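None of these values were measured; they are calculated from a predicted model.
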Amino acid sequence: MDSLLRIITLTCLLNAAMAVQAPCIQLNDGNTIPIVALGTGRGTAKESDSIDEVRQAVYWAIEAGYRHIDTAAVYQDEEQVGQGIAEAIANGLVTREELFVTTKLWNDKHARDKVVPALQESLKKLGLDYIDLYLIHFPIATKPDDSPDNIDYLETWQGMQDARQLGLARSIGVSNFNATQITRLVSNSYIRPVINQIEVNPTNTQEPLVAHCQSLGIAVMAYSPFGFVVSRGQTGAPPPRSDDPTLTALANKYRKSVGQILLRYLIDRGLIPIPKSTNKQRIAQNIDLFDFQLTFEEVAAINQFNKNHRVIDISDWKDYPNYPN
């Protein structure tokens, strides 16, 4: 298995031109995934920011060497993501086959018969024939007005399996599932999820959940990878900040930014970080991660910041069925 993974990684790296490219790992269904993705959700965007920034960011990311782009139906930017991809392909930067595109099913499409149509709508917006990875965004089902709906995520997973069998999604997985939900899903399905995408950062390290997923052969994608190191406008948020002595010492040691240290920290835990930026320089910086490696002790030191404190607050759904507490 180790030799196979080395061959897969080498193949991905040989595809690189002058830009930095992330290595790939093999998922439990045999497909491969680049271990860094550009995030595109606009939850922190200013009201004055143009959504066209997403198209530009995707193009810059592909130009910088990214081969994995992450979006979702609820982000309402799939069209712009698709435009950035189409522009990069048209300009000869990449082929569709060299890209890995992830999108997600929203909570109000959890009925089995709604899953495939929802994916088809996402594909239409993206301008793609298939998606590389389709995720259930949350285990929570809602009605279109965001009130709770009593649909078991096992039914939703049947629809995800349908999408894979139809060739509309190469791989399928979940997001924001807790350990109990992951175990139940694995025990009651014939296609195992390849990914659980969850929030992971220094103040929310999620070590038990990450270990549980990895023990089942389920890879973990990490959103909000910078935690509260970047400004979130939240009063009373726990440390660290960008000037934390532990982080700045590591940045100085490896001649990297604090952001790059945090992304490498996740990679060295075996995770797939999803940094988000619309700044060309930072986009390139966020994939320039493969000329250094943190020690076991340095990873452990960053783990010590954990407070089980989430950046993304989903407590409005705490009384909904299947809330992933």
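Remark: the backbone N or O of S257 is not paired with any side-chain donor or acceptor of Q285 at under 3.5 angstrom. Counting only distance, with no hydrogens or angles, the side chain of W60 and the backbone of Q281 share no donor-acceptor pair below 3.5 Å. Of the possible donor and acceptor atoms, one in the side chain of K104 sits under 3.5 Å from a partner among the backbone N and O of T71.
Expressed to the nearest 0.5 Å, how far CG of L133 lies from CG of N31 amounts to 9.5 Å. To the nearest 0.5 Å, atom CZ of residue R67 and atom CG of residue L38 are 12.0 Å apart. The CG atom of D77 sits 10.0 Å away from atom CD of E79, with the distance rounded to the nearest 0.5 Å. Interatomic distance, I89 CD1 to I85 CD1, rounded to the nearest 0.5 Å: 6.5 Å. Here the OG1-NZ distance, from T156 to K109, works out to 13.0 Å after rounding to the nearest 0.5 Å. Atom CG of L294 is separated from atom CG of D268 by 5.0 Å, given to the nearest 0.5 angstrom.
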Checklist entry - Which is it for M160 and I136 under the side-chain contact (heavy atoms from CB on, under 4.5 Å) test, yes or no, and what are the steps along the way? => result CA-CA 8 Å; M160 300 291 283; I136 300 176; 3.8 Å; yes

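The residues K143 and D108 are annotated as not salt-bridged, no charged nitrogen and carboxylate oxygen being separated by less than 4.0 angstrom. Between R241 and D244 there is no salt bridge, since no side-chain N of the basic residue sits under 4.0 Å from a carboxylate O of the acidic one. Of the charged side-chain nitrogens involved, at least one lies within less than 4.0 Å of a carboxylate oxygen, so that D288 and K256 count as a salt-bridged pair. A salt bridge links D152 with R184: the closest approach of a Lys/Arg side-chain nitrogen to an acidic carboxylate oxygen falls below 4.0 angstrom. Under 4.0 Å is where a charged nitrogen must lie from a carboxylate oxygen, and between E298 and K253 at least one such pair does. Salt bridge annotation for R96-D129: absent, with no cationic side-chain nitrogen under 4.0 angstrom from a carboxylate oxygen.
Taking a 6.0 Å sphere around CD of Q76, one finds it holds 12 or fewer heavy atoms contributed by other residues, nucleotides or ligands. The environment of F296 atom CZ is sparse: at most 12 non-hydrogen atoms of other residues, nucleotides or ligands sit within 6.0 angstrom. Atom CG of D145 sits in a crowded spot, with more than 12 heavy atoms from other residues, nucleotides or ligands closer than 6.0 Å.
Taken together through direct or relayed side-chain contacts under 4.5 Å among Ile, Leu, Val, Met, Phe, Trp and Tyr, I195 and L154 form part of one hydrophobic cluster. Both L262 and F290 belong to a common hydrophobic cluster when Ile, Leu, Val, Met, Phe, Trp and Tyr are linked at side-chain heavy-atom distances under 4.5 angstrom.
Between F138 and Y153, the gap from one ring centroid to the other reaches at least 6.0 Å.
Between the side chains of N286 and Y66, no donor N or O sits under 3.5 Å from an acceptor N or O.
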